[in-house]
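Below: the structure, in structure tokens.
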Amino acid sequence: MGPVAELRGVGQGYGRREVILDLDLDVRPGVLGLLGPNGAGKTTLLRTLATVVPPTRGTVWICGVPVESQRDAQRARRHIGYLPQHFGFYPGFTVHDFVRYCAWLRGLPDSAADAATHEAIAFVDLSDRSRAKMKSLSGGMIRRCGIASAIVGRPRLVLLDEPTVGLDPAQRLEFRSVVRKLRDSGTGVVLSTHLVEDVAAVCDDIAVMANGRLIWQGDPDSLAAAAHPTSDGDTPLERGYMSLLAGLRVSA
Amino acid sequence: MRHVLRIELRRSPLRWLLPLLIALDLAMLFGRSTWWIGVWPEASAAAQLPAFFFGILLGGGAAWTAGRVHRAGTTEQLAAAMQPRWRIELPVWLSSLIFGLIAYVPGVALAFIVSAPDAGPGFLWPSYLLLGACLITLSVSIGHLAGKLWQSRFIPPIAVAVCLFGQVMVPPIRFYVLSGHVQAEVSPSALITRFTLTLLLTAMALTLPPRQVVRDAGWRLNTAPIRGIAAAMLFSGLATVVTAGPLLVARPAPADPLCSDESPRVCVWPENRKYLGTIDAMVARLVALPNGVLKLPDTFYERGLRDASVPEAGSDFQILAGPVSVPFFLSSAVTARTVPDCEVPQDVEQQFSHEVFRLDAYLQVRTFGNAAALGEGGGPPGVDIKEIVQVIHLPESGQADWIKDRLTAIRQIGANCHG
């Protein structure tokens, strides 16, 4: 199956500050874990993939269509589900109202939006709370509701930016099961995170970013195999990741 | 979009404000006065005016509603939406507008219900009702725009209050009228320019991106021209409203005014039909004085029925805030005909004017039937109002003698009196 998103020679910056440099990346069905230290450019990459900001250089393709104008971007957004790092919600809305609202934002017609809303809420196991107000939900439920809002209408590309921040261990396990279900449904998921164990649990592919560049890409086993015996970390994957960053510091 | 609009209506904070808006609407309608009841243009203007008062509150609510994007932090999600900006804003704006119109309708309906029995065939005047609806729309759009532009919780409602209350200070850009006297009507061009300005502000409220989005730039790399164009258009719109002229303009006199069958006749504008009997009774009290001591015109006209160039048109009566103003005009018209035209030496000028005042005040009390015609004010120094009021308790012949005494005194004080 072909990539749901492609980036070729993409650069991104704010003013004179370059945040992403000459980046090539394919996002295929499955879960791509995006790892990197703070300031690596992960959030900017997700915002670029979400077409919120246009690249300053290079081209982004979504579902095989190049995104070169705002009109292209708006068409592409039909296929993109995006859960930003700072996920906002309206506390007075019920779960159903909020997801239904997001279905409308995605451009789903009224005839399809209700069914898609129920499906998305069921997907994240919130059907029994669909009439509850957002302000009454726990942090984990709000995150699940956020995922429901991102996947409503079955977008082909789902972008999750630091979705497990602030969740307790049980909530993180729930979250992982939702992402696995997404993976099994054939959706292309990009999961940006600091937490290597989340990546280990759900990702098929890993991309490591640092200083705006893609410094490594491969499967979790390859990253674990790249671990240096003296590197910091409690698991092979963590040691592999830390080895990459340490190598970067040495070369710098 | 209907489904989303229903969600917005169910979740809007304005739903909690609605009872207050309705209460304010009815309080401003019936709490200020009730003399407008039974006269279609006056009732229409009265139904329109509360929109100014609750519009300020409504605008604040609209600002709060539009500002939820900042408070909830959903700008990023909205920036990633497939729907264009204006379509995202539209249901939010529309829900605020619907709450405003819902608050407006009870006042309009009640103004119609209480007026219909006395006002005769007809209906509230649409131009006034449209003016009120225009002001409600303007309030919502200003509120929506302010809520988007300022992230603060408090600045937008304050900005809305300043904008809407500010029109009190600048009459040429007012979106309301205080009363709807029958001689006037809402100028179509003034109404159209106000609607145009409102539409312009609405378009800005729906399409201008929030500040957060402007900072992020996104695909809209250069927003400065958009804002510059918006400001220029707004300025042009305001200038057009100012140059469109006054909001109320004179109506042409009706071809068939409503006149009584008595002599002297009383003629009023057809819309003031409910006052014809009352004013006729006032005139009848003057006629009832024996011996023809007063000189009455053949017909008492309401202001505006006769061309202003007619010499006596200046003393035609006006119905201002009900019939209480009429005795003043009637007595002035009668005094002008009855009091002889004299040359008054400077040293007795005050004495002369006191006598004329006494006669005029008596006529007002006589016409109205009680001292309420004189209001709260007293007379000039040296004139005892109570004594004048007591005159109407004398027998009719005694009152006629009192008038004759006043006229005799006037002739004695003045010189070379005629008539």
Side-chain angles (χ1 to χ4, degrees), chain A residues 14-15 43 46-54 56 67-94 96-111 113-114 117 133-135 146 149-150 153 155 159 161, chain B residues 1-17 61 64-92 94-96 99 147 151 153 207 209-210 212-223 226:
Chain A
Y14 301 106
T43 293
L46 288 196
R47 297 187 81 213
T48 307
L49 278 168
T51 73
V52 173
V53 285
T56 48
V67 181
E68 292 170 336
S69 65
Q70 185 162 13
R71 191 179 288 263
D72 293 341
Q74 274 179 320
R75 282 199 201 111
R77 287 170 191 169
R78 185 66 168 269
H79 305 292
I80 304 169
Y82 176 39
L83 180 64
Q85 186 174 358
H86 302 291
F87 161 63
F89 60 89
Y90 303 129
F93 277 38
T94 63
H96 180 274
D97 284 348
F98 187 71
V99 178
R100 178 66 178 75
Y101 181 72
C102 292
W104 177 75
L105 287 179
R106 175 85 38 75
L108 264 65
D110 275 355
S111 55
D114 277 325
T117 300
K133 288 200 171 168
M134 295 288 287
K135 64 185 171 192
S149 71
L159 309 168
D161 194 1
Chain B
M1 200 187 75
R2 272 179 302 163
H3 195 101
V4 172
L5 178 60
R6 281 204 294 273
I7 292 175
E8 294 291 355
L9 286 170
R10 278 204 309 268
R11 305 295 165 212
S12 170
L14 279 170
R15 72 192 190 281
W16 303 116
L17 210 56
W64 181 263
T65 306
R68 71 175 186 187
V69 177
H70 305 302
R71 293 193 300 278
T74 52
T75 45
E76 183 78 349
Q77 283 136 287
L78 298 185
M82 184 192 166
Q83 300 284 5
R85 165 68 50 193
W86 69 269
R87 283 203 73 183
I88 295 172
E89 303 283 351
L90 186 60
V92 183
L94 208 50
S95 67
S96 299
F99 280 114
Q151 292 188 35
R153 285 167 187 255
T207 55
Q212 181 74 35
V213 173
V214 172
R215 243 196 323 269
D216 286 353
W219 294 93
R220 304 170 191 85
L221 286 176
N222 196 355
T223 54
I226 298 175

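To find a chain, count down the sequence lines: A is the first, B the second, and so on, and within it residues start at 1.
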Looking only at non-hydrogen atoms, find the nearest pair between [X] and [Y] and report the distance.
X: B:V4; Y: A:W104; answer: CG2-CG, 3.3 Å
X: A:Q74; Y: B:M82; answer: O-CG, 3.0 Å
X: A:F89; Y: B:T74; answer: N-CG2, 3.7 Å
X: A:R77; Y: B:A80; answer: CD-O, 3.1 Å
X: B:R11; Y: A:T94; answer: NH2-CG2, 3.3 Å

[X] side chain near [Y] side chain, heavy-atom distance below 4.5 Å:
X: A:F87; Y: B:Q77; result: yes
X: A:Y90; Y: B:I7; result: no
X: B:E76; Y: A:Q85; result: no

Is A:R71 atom CZ crowded by more than 12 heavy atoms from other residues, nucleotides or ligands, each under 6.0 Å away? no
Options A:G88, A:P109, A:A103, ranked by heavy-atom pairs under 4.5 Å with chain B, top entry: A:G88
Are any side-chain N or O atoms of B:Q83 and backbone N or O atoms of A:R106, one a donor and one an acceptor, separated by less than 3.5 Å? no
Interchain contact, B:P91 with chain A, by part (heavy-atom threshold 4.5 Å): side chain
Picking from B:H3, B:E8, B:R2, which has the most non-hydrogen pairs under 4.5 angstrom with chain A? B:H3
Please look at A:F93 and chain B and tell me whether the side chain, the backbone, both or neither of the residue comes under 4.5 angstrom of a heavy atom of that chain. both
Please assess B:R10 against A:D97 for the test salt bridge (Lys or Arg N to Asp or Glu O under 4.0 Å), listing each intermediate value before the final yes or no. CA-CA 10 Å; B:R10 278 204 309 268; A:D97 284 348; 2.8 Å; yes
